[in-house]
Amino acid sequence: MNVRRRSSAAALAAIAVIGAAAAPAVAADPSPSSSPSKTAPSGLYGTTDPQYDGVWRQSLALLAQDTAGVIPSSTAVKWLTDQQCANGAFAPFRADPAAACDAKTPIDTNNTAAAVQALWAVGGHGDVIEEALGWLKSVQNEDGGWGYVPGTPSDANSTSVVIGALTATETDPEKVVKDGKSPYDALLTFALPCAKDKGAGAFAFQPDKDGKLLPNADATAAGVLGALGEGLVADAADKADAASCTDADKPTREGAAANAAAYLTATLAKDGHLVSALGGSADQPDYGNTADAVVALAAQGGADKAAEPLAWLEKNAAKWAAESGPAAYAQLIFAAHATGTDPRDFGGTDLVAKLNATGPAPQGVAAKDTASANADEKSDENDDDSPFGVWWFVGVCLVFGIGIGFLLSNRNKKQQP
């Protein structure tokens, strides 16, 4: 999400203005704030100022850890649950969770939907999830979708991330209806025709000031996942579906996803990655949106469809992730998961160890993953970027991995909202 999933702090701050600037939606780039906190809140992953992305990056961190078989720190999980307002919504960050939320608290759909996905994954927070889903349903727009801020026009990114929260919690989006419209109905209104001069099958974020829909790679990656009913974490399609664009008077969800995947494939063909430009500056590689595109392509057409951008990320994304922090590592872990790639050896980088080192130590790892995780941690023992000794981490895994491995919830046992 270039403006994507939580872009920069500046882009997120602009959300208060509403409109296109509200685009940190589902696919925002997890760039850290330019002004790091002197003291990071206890339990939070990352050390940068959480004002604009605290809940988002915490949610992605927990979700990525669960995806990689890691049992997150209970302190980290509590930090996230403490951020919820009494009405069920989440803001990007509440400095004083004990203080009641009021009309000035900047609650939004994206942080709320991301928190739902993370807390469902780690399990045991049915009440929090139920309240969050209740709030999301209460602010659904008449077209069936959601904007970043309640009361603002629907956009493809926000609608998609909420769809992800619904499906993750086994809630059928088709049955979450407002004025006869479902989230899928709203999402498909942002799907563009196949003609190159009309969008080449992409998704638009939302209409511009003239009411025109323009192709947006960030919204397209999010739209693919939303149309497929997938969340932030997605598996590769069982069989390859053609990513070709086929016009239809009213495309199906699957058809719109295939069209959008074709757009991403064509856009990625030039450099093997997506690009972004800020304020008239030269185009720069967009690592976060490229990672999202990998997930989208794999979910729509199988892992092989994402091979080229995945290879580019493996070769080039380590420095970006180190500079950007927990959410960036999480996005790369999602890309690895979607393509069946080992996140502990992603172009030579152990993404899981790097993510774990940005916050409170995990409780352990799933029993089936303990041996491989310990072996990888040992090979990375000289990593200067980790504030924790590797043998200390291995000790945590050995001491806690077996004793509390049973706490890792499987989806059949999770408390449903």
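One-based numbering along the sequence shown.
At least one donor-acceptor pair under 3.5 Å links the side chain of Asp185 to the backbone N or O of Ser182. The backbone N or O of Gly147 lies less than 3.5 Å from a partner atom in the side chain of Thr109, making a donor-acceptor pair. At distances below 3.5 Å, not a single donor-acceptor pair connects side-chain atoms of Asp53 with backbone N or O atoms of Trp56. Here the side chain of Gln58 pairs a donor or acceptor atom with the backbone of Gly43 at under 3.5 angstrom.
Test Val116, Val55, Val161 against Asn111 for side-chain contact (heavy atoms from CB on, under 4.5 Å) and you get one pass: Val55.
Here Leu297 contributes atom CG and Thr265 contributes atom OG1; the two are 4.5 Å apart, rounded to the nearest 0.5 Å. Leu136 CG to Leu166 CG: the interatomic distance, rounded to the nearest 0.5 Å, is 7.0 Å. In this structure, CD in Glu314 is found 4.5 Å from CZ in Phe346, a value given to the nearest 0.5 Å. Distance check, rounded to the nearest 0.5 Å: OG of Ser59 to CG of Leu119 gives 6.5 Å. Interatomic distance, CD of Glu174 versus OG1 of Thr167, reported as 12.0 Å (0.5 Å rounding). Expressed to the nearest 0.5 Å, how far CG of Leu225 lies from CG of Asp292 amounts to 7.5 Å.
Looking at heavy atoms from C-beta onward, Lys137 lies in side-chain contact with Val176 at the 4.5 angstrom threshold. Between Asn216 and Phe203, the closest side-chain pair of non-hydrogen atoms is not below 4.5 Å. Side-chain contact between Gln284 and Val275 is absent, with no heavy-atom pair separated by less than 4.5 Å. Between Asp271 and Leu268 there is no side-chain heavy-atom pair separated by less than 4.5 Å. Under the 4.5 Å side-chain criterion, counting only non-hydrogen atoms from C-beta, Leu62 is in contact with Pro72. The closest side-chain heavy-atom distance from Asp108 to Trp146 is not below 4.5 Å. Looking at heavy atoms from C-beta onward, Thr81 lies in side-chain contact with His125 at the 4.5 angstrom threshold.
A side-chain donor-acceptor contact under 3.5 Å links Asp235 and His337. Donor-acceptor pairing under 3.5 Å is lacking for the side chains of Asn157 and Ser160. Between the side chains of Thr48 and Arg57, at least one donor-acceptor pair of N or O atoms lies under 3.5 Å.
For an aromatic pair to be called close, the ring centres must be under 6.0 Å apart, and Trp320 with Tyr329 fails this.
Among residues at least two apart or in separate chains, there is no disulfide (SG to SG under 2.5 Å) pair with a member in residues 203-232. Every pair passing disulfide (SG to SG under 2.5 Å) that includes a residue from residues 56-143 is listed here, sequence neighbours excluded: Cys85-Cys101.
The neighbour count for Glu142 CD, taken as heavy atoms of other residues, nucleotides or ligands under 6.0 Å away, does not exceed 12.
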Report the C-alpha distance between Ser73 and Tyr45 in whole Å, list the side-chain angles of each, state the deciding distance to 0.1 Å, and finish with yes or no for side-chain contact (heavy atoms from CB on, under 4.5 Å).
-> CA-CA 10 Å; Ser73 160; Tyr45 283 88; 4.2 Å; yes

Could you walk me through whether Tyr287 and Trp312 pass the ring-ring contact (aromatic ring centres under 6.0 Å, His included) check?
CA-CA 9 Å; Tyr287 300 91; Trp312 183 85; 5.1 Å; yes

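Closest non-hydrogen pair, Thr159 versus Ser154, comes out as OG1-CB, 4.2 Å.
Contacts of Asp208 classified as salt bridge (charged side-chain N to carboxylate O under 4.0 Å, His left out), with partners at least two apart in sequence or in another chain: none.
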